[in-house]
2 protein chains.
Amino acid sequence: MNRTTPAKRTTIYDLAELAGTSASAVSAVLNGNWKKRRISAKLAEKITKLAEEQGYAVNMQASVLRRDRSKIIGMIVPKYDNRYFGSIVEQFEALARARGLFPIITCTMRDPALELEAARTMLSYQVDCLVATGATDPDRVMDLCAAAGVRTINLDLPGSRAPSVISDNYGGALELTRRVLANCEREYGEKAPLLFIGGRGTDHNTMERVRGFRDAHAEAGVPVDEMLVQTCGYAPEKAESAMRQLAERTSDLPRGMFVNSTISLEGVMRWIRRSGHYAERMPHLGCFDWDPFVAMLGDHIEMVRQDVPRMLEAVFGIIDSGATDITVVQVPPIMEKAG
Amino acid sequence: MNRTTPAKRTTIYDLAELAGTSASAVSAVLNGNWKKRRISAKLAEKITKLAEEQGYAVNMQASVLRRDRSKIIGMIVPKYDNRYFGSIVEQFEALARARGLFPIITCTMRDPALELEAARTMLSYQVDCLVATGATDPDRVMDLCAAAGVRTINLDLPGSRAPSVISDNYGGALELTRRVLANCEREYGEKAPLLFIGGRGTDHNTMERVRGFRDAHAEAGVPVDEMLVQTCGYAPEKAESAMRQLAERTSDLPRGMFVNSTISLEGVMRWIRRSGHYAERMPHLGCFDWDPFVAMLGDHIEMVRQDVPRMLEAVFGIIDSGATDITVVQVPPIMEKAG
DNA sequence: CATATCTGCTCAATCGATGAAGCAAGAATT
DNA sequence: AATTCTTGCTTCATCGATTGAGCAGATATG
C-alpha cells in the first residue's frame, strides 16, 4: 500500500504511529538502548518487527546531527593505482567497520590543494577522526582539523602535529640497498654504486630512504656520486625521463638501481625496454614497495613490502586508545625476493 | 579567543550574531543564493569575510537533513587490489566531484552479504544515487534502493532492474582468443585449443567471455573440451589449485590460456613458476584485464584493457540525463600487447 | 495505610541549515 | 496624497533522531 508513494521514507514517527507508541520509544528500541530506557521486551520486539517489515533505515543525517559523535572516520589517500594504497584502503575499511565506524575515503591525486579541500569537506561531514595518508602537507591538514576539534593521524608520511604511523623507511632502504649491492657484487665481482630513482626529495620517506641508501653504500665503502640520486618524482613518466637524461649524460650506467615505489618502477622498466640499454644484462633492482607481478618480472628484483596490516592496527590502536601525543610509530617492512 | 574552546564549532547562528544579522541571511549568503533572497552585496561580503575568519564550515548533516537532495553519490566496489577497480574508483571520484557530488565508496570484498549491508548503510546516509560495481547480486541491491526511491546504476556487471554499463565482454573475449590462438599457431604450426581459467561460471561477464572464447575456437575449427573451461573463481589461490588439478589429470597441457582477470593471472603465473611445467616454453597468454607490470612479463601476453574513462562517462551520462530505462551500454575494450 | 521505589512509557527541546511567508522602510507610480 | 512596488531583511516551521525530564501506575517497604 505504501508502494504507491515510494519516494517517502519511513521514519520513526511512522513506526510509532503503526505501533501505537511514541517516536521516542521507537528510537530507543532501534538504537539498542531500550533496556537503559526501560522499554518492555514486548514492545521492543513489536517495534523491531515493524521496522523490518517497513524496510526502515535510520536517517544518519538526523542521527548524526543530534549526537555528539558522528562515528564517521575519514581517510585521504593519494592514489588507488598500486597495491600499497589499495591494501591500505581495504584494511582501513575493514577495521573501521569492525568498530562500528563508517569510513569515508577521498583520493587526492597527490594534489596539495585537493588534499585541503578534501579535509575541509570531511570536516563538513562531521568526521570524528581523519587519517591522512601520504599527505603532501600533513601539518596544514592537521591545523584545519585541530581548529574543528577533530583528531588526526598521519599514515605513511609523518607530520609534526599529530601521531604518525610509518614504515621504517631508513631500515628498509638500508637492507634493500645492501641486498642489491650484494647481488651486483656477486654477478660482477666488484663493488659499484647503485642509482636511486623516484620519489620527491622533499618528502620524509624519500629522505629517509636516501639516507639508508647512502649508509649502505658507506658501509660497503662505495662512494655515491650526486648524479646517482634522482628524486625526480613518483610518476612513471618522470622516472622514464630521468633515466633518459641520465643515459645521455653518461655511458657508464649503474648495474643496479634502488627504485623508490612500484609506480616509478613502471617508468624505469618502460625505459629499459624501449631504450635498449641493459639489453644483454638486466640491472639488479630493488623496489621500495611490493607488487605481485613485479615479483614475477625476474629473479634480479628485490622488494620491500610495507607491512600494511600492522600499520593499520597501529593506527586504530591510537584511535582506540584516544592517545594524542605526537609520536611516530615505525613499522618494520618485510623483505621480499622475486621469483 | 575562541582558541580556548576548540571543541565547539562555528554555526550560522554564531556568524549571525557576530554580523548582527539573522541566521537565515547567513545561510543564504553562504550557499550562494543570496541574490535570489535579496541580500545586499554589502552584507554578503561582510558575512563571507566573517565566515572565512572564523573558519566556518557548513554542517552537511544538518544541511542534508533539511534539503531534499543530499548530493551524495555512493559506489560499492568489490576490491581495491587491481588496476581496473582502482581506476574505476579514481574516475568515479573525479567525475562526481566535478558535478558537485560527494562520493562515498565501500568495498565489499566480493561478499554478497556485505554488499547488501553496504547498500543499506548508504541509504541511511541518504545517497541520491548508488552505483553498484561488479555486484554479485545487483538486483537485490536495486530492490533495496528502489524501495527507498534511490536510483541505481550497474557498472561492470549488468542487472535486470536498472541501467547498466559494462564492457563488451563477448567482443573483447572473441578478439583476445583469436589473437592467442593465432600466436600459438604461429609458434607451433598447428591449431590447438586454449584453456579458459578464472571467474565465476555464474556471473554474466564470465559467461559472455566464455561464449567469445568458444566462438573464436569454433571460427578456427578447433573443438573445446569441457575440461578446458575452468571457471574456478577469481582468487589467485583458486586459479592456482585449478591449474594443479588440471595438470594431475592430463599430461597434455594447453599451449595457450585465456586468463579471466589479472587477479587470476597472479595464481596462474605462480603455478607456472612453482610447478616447473612450461619450463622450456612459456604458454601464450591472454588476460582479460590490464596491468602495467603484466605488460612487462614477456611478449607472449595479450591483454584486454577495459575502457574505464568511457565507462564512467557513460555512467555519469545516465545520471546527468536522469534516464531510468533498463538499458545495457556496452563499451568496447582496448586490445593491448605486452612489450 | 502512607510513603518510597520501580517500571514503562511520553513530552518536548535540541542539533544546524533551509526557505516560505511576512514585514518595514523607501522608491516609484497614479 | 494615496497606492503599489521594490528592497532588504527577519521570523519561524521544518527535516528525523536523540535524550533529559517527567508522569502515571504497580509494587515494595516501613
Side-chain angles (χ1 to χ4, degrees), chain A residues 7-47 51 54-72 102 121 123-126 128 148-149, chain B residues 7-47 51 54-72 102 121 123-126 128 148-149:
Chain A
K8 195 62 190 161
R9 254 116 132 167
T10 313
T11 71
I12 49 170
Y13 297 95
D14 303 330
L15 294 180
E17 181 135 31
L18 286 169
T21 180
S22 71
S24 169
V26 174
S27 169
V29 169
L30 295 178
N31 64 32
N33 55 7
W34 52 280
K35 291 214 163 162
K36 214 173 298 176
R37 298 205 36 122
R38 295 192 308 236
I39 307 289
S40 65
K42 196 179 136 208
L43 181 58
E45 200 171 344
K46 183 176 179 185
I47 290 175
Q54 300 293 314
Y56 171 81
V58 220
N59 182 322
M60 277 302 182
Q61 258 72 38
S63 176
V64 168
L65 175 60
R66 188 62 232 283
R67 283 176 316 184
D68 48 342
R69 287 186 50 220
S70 68
K71 298 193 175 188
I72 301 177
F102 184 68
T121 306
L123 291 178
S124 273
Y125 281 94
Q126 313 297 112
D128 282 338
Chain B
K8 195 63 189 160
R9 254 117 133 168
T10 313
T11 71
I12 50 170
Y13 296 94
D14 302 331
L15 294 180
E17 180 136 33
L18 286 169
T21 181
S22 72
S24 174
V26 174
S27 170
V29 169
L30 295 179
N31 65 31
N33 55 7
W34 54 279
K35 290 214 163 161
K36 214 172 301 177
R37 307 266 319 260
R38 296 192 310 233
I39 306 291
S40 66
K42 195 178 137 210
L43 182 57
E45 200 172 346
K46 184 176 178 185
I47 290 174
Q54 300 291 314
Y56 171 82
V58 222
N59 181 325
M60 276 300 181
Q61 249 68 38
S63 176
V64 168
L65 175 60
R66 189 64 230 287
R67 284 175 316 181
D68 48 342
R69 287 187 50 220
S70 68
K71 298 193 173 187
I72 302 177
F102 184 67
T121 306
L123 291 178
S124 273
Y125 280 95
Q126 313 298 112
D128 282 337

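Atom CD1 of Ile47(A) is separated from atom C1' of dG8(C) by 12 Å (rounded to the nearest Å). In this structure, the CG atom of Leu65(B) is 9 Å from the P atom of dC15(D), given to the nearest Å. Atom NZ of Lys36(B) is separated from atom C1' of dT7(D) by 18 Å (rounded to the nearest Å). Lys35(B) has its NZ atom 12 Å from the P atom of dG8(D), to the nearest Å. In this structure, Gln61(B) places its CD atom 23 Å from P of dT14(D), rounding to the nearest Å. Across the protein-nucleic acid pair, Glu45(A) atom CD and dG8(C) atom P stand 15 Å apart, rounded to whole Å. Remark: P of dG20(D) and CD1 of Ile39(A) are 14 Å apart, rounded to the nearest angstrom. The CH2-P distance, from Trp34(B) to dG19(C), rounds to 17 Å in whole Å.
Taking all atoms of both residues into account, the shortest heavy-atom contact from Thr21(B) to Ala25(B) is OG1-CB, 3.6 Å. The heavy-atom pair separating Ser63(B) from Val58(B) by the smallest distance is CB-CG1, 4.5 Å. Minimum heavy-atom separation, Arg9(B) to Asp14(B): O-OD2, 3.5 Å.
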Under 3.5 Å between N/O atoms: give me all the protein pairs with nucleotides 24-26 of chain C, atom names plus distance.
none

Compile the donor-acceptor pairs under 3.5 Å between side chains in residues 33-42 of chain B and protein atoms, sequence neighbours left out, one pair per line.
| from | atom 1 | to | atom 2 | distance (Å) |
| --- | --- | --- | --- | --- |
| Arg37(B) | NH2 | Ser24(B) | OG | 3.0 |
| Ser40(B) | OG | Leu43(B) | N | 3.3 |

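With contacts defined as side-chain heavy-atom distances shorter than 4.5 Å, the pair Gln61(B)/Ile72(A) qualifies. Tyr56(A) is listed as a side-chain neighbour of Leu30(A), based on a closest heavy-atom distance under 4.5 Å.
By the side chain to side chain contact (heavy atoms under 4.5 Å, CB included) test, Ala57(B) pairs with Ser124(A), sequence neighbours left out. Taking Asp128(A) as the reference, Arg69(A) meet the salt bridge (Lys or Arg N to Asp or Glu O under 4.0 Å) condition, with sequence neighbours excluded. The side chain to side chain contact (heavy atoms under 4.5 Å, CB included) test applied to Thr121(B) returns Phe102(A), Glu117(B), Tyr125(B), not counting sequence neighbours.
No engagement by Asp68(A) is indicated, since no non-hydrogen atom pair under 4.0 Å with the nucleic acid exists. Residue contacts for Leu43(B): at a heavy-atom cut-off of 4.0 Å it reaches the sugar-phosphate backbone alone, with no base atom in range.
Looking at Arg37(B), its side chain comes within 3.5 Å of the base of dG19(C) through a donor and an acceptor atom. Taking only distance into account, the side chain of Arg67(A) never meets the base of dT14(C) through a donor-acceptor pair shorter than 3.5 Å.
Of the residues near DNA chain C, Leu30(B) and Ala41(A), the one whose nearest nucleotide (by heavy atom distance) lies more toward the 5' end is Ala41(A). Nucleotides of DNA chain C nearest to Val58(B) and Arg38(B) differ in position, and the one nearer the 5' end is that of Val58(B).
Between dG19(C) and Asn33(B), a contact under 4.0 Å exists linking OP1 or OP2 to a side-chain N or O. Of the side-chain N and O atoms in Tyr13(A), none sit less than 4.0 angstrom from OP1 or OP2 of dT14(D). For Lys8(B), no side-chain nitrogen or oxygen approaches OP1 or OP2 of dC15(C) to under 4.0 Å.
Checked against dG8(C), dA17(C), dA17(D), the side chain of Ser40(A) finds its nearest nucleotide in dG8(C).
DNA chain C is contacted by Thr21(A), Ser22(A), Ser24(A), Ala25(A) of residues 18-29 of chain A, taking any non-hydrogen atom closer than 4.0 Å.
Distance check: Glu17(A) CD to Thr11(A) OG1 gives 9.5 Å after rounding to the nearest 0.5 Å.
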